[in-house]
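In this chain, residues are counted from 1 in sequence order. Remember, it's 1-based here, ligands and their atoms both numbered in the order they're listed.
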Amino acid sequence: MEQFKAILVERDAEKRQSLRVADLTEADLMEGDVVVRVAHSTVNYKDGLAITGKLPVVRRWPMIPGIDLAGTVVSSQDPEFSPGDEVVLNGWGVGEVHYGAYAGLARVKGDWLIHKPEGLSGADCMAVGTAGYTAMLCVLALERHGLTPAMGPVVVSGANGGVGTVAITLLARLGWHVIAVTGRTSEAEFLASLGAAEVLDRAELSGEPKLLGKERWIAGVDTVGSKVLANMLAMTTGEGAVAACGNAMGMDLTTSVAPFILRGVSLLGINSVTVPRDRRVAAWARLAADLDRDKLAALTTRIGFDEIVQTATDIVEGKVRGRVVVDIG
Ligand code: NDP
């Protein structure tokens with residue numbers, strides 16, 4: 001039987017986490033109805049948390065981390081997929097409770113897969129990854145709320161991160177005046193190249209929020225949570241909305257009801273993990289249509305299998321800029 005390499009995260013009796021690269025065969029994989037040869041993956045913030053053990057992302061031991069994969073179907077008991085089909089997977093607990101992407105082969109449920117969207121390569125899909133897909137879900141949530149670029153600016157926090165860079169790129173392409181919030185103002189030129197019209201130092205949004213601040217934007221995409229999100233809400237124009245998807249600053253959110261009851265501001269929660277298939281397919285179709293490929297390439301770094309662990313450490317330390325594609329196969 002074919003052997004392939006996989007990153008295994010393990011835990012000892014004292015719950016200390018360790019990592020090793022193991023040689024596995026298909027027989028070692030968990031249950032599923034489709035076997036996929038993994039060609040590409042990526043490193044999201046969540047993958048960084050899983051590999052470093054900084055937060056309890058992994059909930060089944062041992063685990064092969066990696067929440068996103070693109071590859072080719074090897075065998076399938078799901079009638080939706082046939083050998084040779086190119087497929088993409090985001091989320092569904094893969095890399096958390098089900099063996100994930102950092103392996104030569106993955107066996108998953110067909111329900112979790114979609115056919116690779118037209119117009120994007122497998123590597124492009126991983127350059128987008130859960131981070132970029134989540135950015136698109138945020139954009140769709142703001143659109144469903146009825147917000148348009150003509151109504152005012154949009155603010156994006158964690159601007160240099162995976163979600164932030166793709167959100168800026170998408171929103172600028174759609175005609176929004178994008179205000180990028182970052183702790184790395186030295187990257188202002190890079191953020192401008194993606195389409196940011198203004199760059200705001202994260203420090204300006206990191207203090208104790210007032211009940212209400214000066215109205216500065218009609219829409220927001222928040223990837224960091226905590227004080228930054230509280231300040232974003234307090235500075236959102238009446239009837240505006242902030243799509244909240246992340247916690248890079250913290251899980252906490254201490255705010256008041258003032259933005260909600262005095263300005264009609266809405267907080268839109270985004271969870272990319274279990275989005276129904278029709279909405280997933282629609283979000284990927286919008287990514288294929290709306291994402292500027294040159295800008296996607298400019299915000300993407302390519303690494304090999306052996307660089308996954310270091311990159312995972314870097315991403316939780318806030319040192320990774322943009323998106324990372326991993327060549328697996
Ligand atoms: P990245 O690490 O790529 O980006 C996070 C960015 O946040 C960093 O680049 C940095 O941007 C900023 N940041 C880092 N540390 C801090 C800090 N201590 N305080 C404030 N800002 C900080 O992660 P991703 O873009 O992949 O993910 C962003 C967030 O979204 C994560 O919390 C992730 O878990 C979450 N997420 C949630 C999903 C969902 O389904 N809800 C799906 C995907 C991601 P800068 O240097 O520009 O300030």
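When each atom of ligand 1 is checked for a heavy atom of T223 under 4.0 Å away, the hits are 28 (C), 29 (C), 30 (O), 32 (O). With ligand atoms numbered from 1 in the order given, ligand 1 contributes 6 (C), 7 (O), 11 (O), 12 (C), 47 (O) to contacts under 4.0 Å with heavy atoms of G158. Shown in contact with T130 at under 4.0 Å from a heavy atom are these atoms of ligand 1, numbered in order with element: 42 (C), 43 (C).
Using a 4.0 Å cut-off between charged side-chain N and carboxylate O, E96 and K46 make a salt bridge. Using a cut-off of 4.0 Å between Lys/Arg side-chain N and Asp/Glu carboxylate O, R302 and E307 are scored as not salt-bridged. Salt-bridge check for R286 with E143: passed, with a basic side-chain N closer than 4.0 Å to an acidic carboxylate O. Classification of E10 and R20 as a salt-bridged pair holds, one side-chain N sitting under 4.0 Å from a carboxylate O.
Atom CG of L211 is surrounded by 12 or fewer heavy atoms from other residues, nucleotides or ligands within 6.0 Å.
For atom 36 (N) of ligand 1, the closest heavy atom belonging to the protein is C245 O, 3.5 Å. Closest protein heavy atom to atom 8 (C) of ligand 1: R184 NH2, 3.9 Å. Protein heavy atom in closest approach to atom 32 (O) of ligand 1: N247 OD1, 2.6 Å. Residue, atom and distance of the protein heavy atom nearest to atom 2 (O) of ligand 1 are Y45 CD1, 3.2 Å. The protein non-hydrogen atom at the shortest distance from atom 17 (C) of ligand 1 is A248 O, 3.5 Å. The protein heavy atom nearest to atom 30 (O) of ligand 1 is G246 CA, 3.3 Å. For atom 4 (O) of ligand 1, the nearest non-hydrogen atom of the protein is G161 CA, 3.1 Å. For atom 25 (O) of ligand 1, the nearest protein heavy atom (residue, atom name, distance) is V163 N, 2.7 Å.
Note on L142 and V228: separate hydrophobic clusters, where clusters join Ile, Leu, Val, Met, Phe, Trp and Tyr whose side-chain heavy atoms are under 4.5 Å apart, directly or indirectly.
The side chain to side chain contact (heavy atoms under 4.5 Å, CB included) test with V156 singles out one residue from V181, L171, L194, V166, and that residue is L171. Among the candidates I328, I308, I67, the single residue satisfying the side chain to side chain contact (heavy atoms under 4.5 Å, CB included) test with S41 is I328.
The residue from M249, R202, R321 that puts a heavy atom closest to atom 21 (N) of ligand 1 is R202.
Remark: ligand 1 and V273 share no N or O pair separated by less than 3.5 Å (distance only, no angle test). Not a single N or O atom of T134, backbone or side chain, sits closer than 3.5 Å to an N or O atom of ligand 1. The shortest N/O to N/O separation between G183 and ligand 1 falls below 3.5 Å. Backbone and side-chain nitrogen or oxygen atoms of G322 are examined, and none is located within less than 3.5 angstrom of a nitrogen or oxygen of ligand 1. In terms of polar-atom proximity, defined here as any N/O pair under 3.5 Å, S272 does make such a contact with ligand 1.
For W217 and H177, the ring centers are positioned 6.0 Å apart or more.
In this structure, R107 is not positioned above the aromatic face of Y99 in the sense of NZ or CZ being under 6.0 Å from the six-membered ring centre and within 45° of the axis.
At a 4.0 Å heavy-atom cut-off, ligand 1 touches T182 through backbone and side chain alike.
Taking the six-membered ring where tryptophan is involved, the planes of W284 and Y133 are essentially parallel, since the angle between them stays under 30° and well short of 60°.
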